[in-house]
There are 2 protein chains.
Amino acid sequence: MAQSRALDDGTAHDGRRDLAAMIVPLGRALMAAESPVLRAHGLSMWAYSVLLALGEEPVRTQNALAQAIGADKTRIIGVLDGLQERGLIERRPDPGDRRVRLLSLTAEGRRLRDSAQAGIRERETRLLARLPAADRTAFLRALRTLSSLPEDEIIDPE
Amino acid sequence: MAQSRALDDGTAHDGRRDLAAMIVPLGRALMAAESPVLRAHGLSMWAYSVLLALGEEPVRTQNALAQAIGADKTRIIGVLDGLQERGLIERRPDPGDRRVRLLSLTAEGRRLRDSAQAGIRERETRLLARLPAADRTAFLRALRTLSSLPEDEIIDPE
DNA sequence: GCTTATCATCTGCTCATGCAGATCATTGAT
DNA sequence: ATCAATGATCTGCATGAGCAGATGATAAGC
């Protein structure tokens with residue numbers, strides 16, 4: 001263990017840093033990278049998250065949508081108001097239960113989402129070009145796997 | 001483009017999600033995973049980050065330390081006070097410039113850091129076991145590369 | 001019909017964070 | 001010696017997020 005810190009960079013005895021220590025700042029930087037693209041499209045991070053979460057089928061209940069994007073159900077109401085006013089989403093009562101809203105994208109909302117996402121994708125492609133092709137592919141595959149895990153499986157693996 | 005959304009899961013036309021959309025929630029979950037380990041060691045996230053950032057050589061200036069861990073220099077003062085009180089770190093004036101503090105780990109601080117990190121590493125190993133070995137290796141290699149990039153290179157690649 | 005539960009909505013409160021400003025001690029330049 | 005800059009420290013302010021509670025409309029169960 002005398003060599004446990006040959007390099008003073010937060011690394012453990014196997015020479016790598018904690019996952020969180022690598023992933024969290026990277027996530028912050030990626031969000032900062034998205035910021036100008038979203039601004040150019042007149043979207044906040046939460047507005048964009050909402051657009052990403054809405055697809056071909058309406059999402060049933062605002063609470064379900066909020067949970068899907070990791071937001072507070074009370075705090076997305078203003079976001080939804082704004083998106084609805086701009087004609088990017090529609091909110092309709094569920095005919096079978098009028099307490100509930102069905103949320104869907106408009107064609108305009110889809111276009112804006114796709115345009116913003118294309119801008120973000122372009123930047124990501126340039127960033128990922130720093131990785132060897134095989135590493136890039138494996139990285140994305142691993143990331144998809146890990147990010148698809150239910151949260152409690154990440155928190156308490158096995 | 002008619003097939004651009006075969007699956008309604010926030011994916012672009014190449015079928016993958018935005019990096020931020022995958023990495024940010026993963027980072028949050030990883031932090032949540034660390035939480036019980038840190039609590040068991042009587043450490044906050046920031047306290048742990050400070051311990052990780054201090055190595056064999058003293059860190060010169062509190063501001064440099066704050067920047068290194070992505071914290072606000074004014075907000076880590078309390079953290080440093082607490083760590084110092086517990087005998088986990090030392091703060092000494094630089095003999096060459098008494099405005100400046102030299103920050104270093106005590107032996108006790110090193111032990112606590114290493115113990116916490118071992119606990120966290122154990123959980124990570126279990127989590128990463130879900131990946132095929134080759135993907136795991138490539139993922140960690142890629143993650144190291146990306147997380148080592150200067151922030152402005154991530155924000156504005158090339 | 002009455003009671004309980006659910007959804008959307010609004011609002012208040014607390015906490016963390018980022019940033020700015022002020023103060024004091026120290027340093028460097030003139 | 002004076003002035004400007006720097007580092008640590010304290011504090012205030014604004015903002016956003018998380019959570020709780022209340023309200024009104026609607027639905028389900030008895």
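Please read all numbers here as calculations on a predicted model, not as lab measurements. Reckoned from all heavy atoms, side chains included, excluding hydrogens, waters and symmetry mates.
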* Asked: Quick one: side chain to side chain contact (heavy atoms under 4.5 Å, CB included) partners of B:Q67, sequence neighbours excluded?
  -> B:N63
* Structure fact -> Students should find that the nucleotides of DNA chain C closing off the region near chain B, any atom under 4.0 angstrom from a heavy atom, are C:dT17 to C:dT27
* Heavy-atom contacts under 4.0 Å between residues 65-99 of chain B and DNA chain D, which residues? -> B:T74, B:R75, B:I77, B:R91, B:R99
* Structure fact -> Nt span of DNA chain D in reach of chain A heavy atoms at under 4.0 Å, 5' end first, is D:dA17 to D:dA27
* Consider only side-chain heavy atoms of I, L, V, M, F, W and Y, link residues closer than 4.5 Å, and tell whether B:M45 and B:I120 are in one cluster. => yes
* Contacts of A:R99 that satisfy side chain to side chain contact (heavy atoms under 4.5 Å, CB included) - sequence neighbours left out -> A:D97
* Are the side chain of A:R126 and the backbone of B:P157 linked by a donor-acceptor contact shorter than 3.5 Å? -> yes
* Asked: Does A:S44 have any side chain to side chain contact (heavy atoms under 4.5 Å, CB included) partners at least two apart in sequence or in another chain, and if so, which?
  -> A:W46, A:A47
* **Contacts of B:F139 that satisfy ring pair (Phe, Tyr, Trp, His ring centres under 6.0 Å) - sequence neighbours left out** => A:F139
* To do: Could you tell me which residues satisfy side-chain hydrogen bond (donor to acceptor under 3.5 Å, both in side chains) with A:R123, sequence neighbours excluded, listed by chain and number?
  => none
* **Residues forming a side-chain hydrogen bond (donor to acceptor under 3.5 Å, both in side chains) with A:S35, sequence neighbours excluded** => A:R39
* Asked: Going by number, which of residues 24-50 of chain A have a non-hydrogen atom under 4.0 Å from DNA chain C?
  -> none
* Partner set under side chain to side chain contact (heavy atoms under 4.5 Å, CB included) for B:D152, not counting sequence neighbours -> B:P150
* To do: Indicate yes or no for a side-chain donor-acceptor contact from B:D94 to the backbone of B:G96 under 3.5 Å, with no hydrogens or angles considered.
  => yes
* Asked: Short question: side chain of A:R17, backbone of A:M22 - any donor-acceptor pair under 3.5 Å?
  -> no
* Among pairs that include at least one residue of residues 74-85 of chain B, which meet salt bridge (charged side-chain N to carboxylate O under 4.0 Å, His left out), considering only residues two or more places apart or in two chains? -> B:D81-B:R91
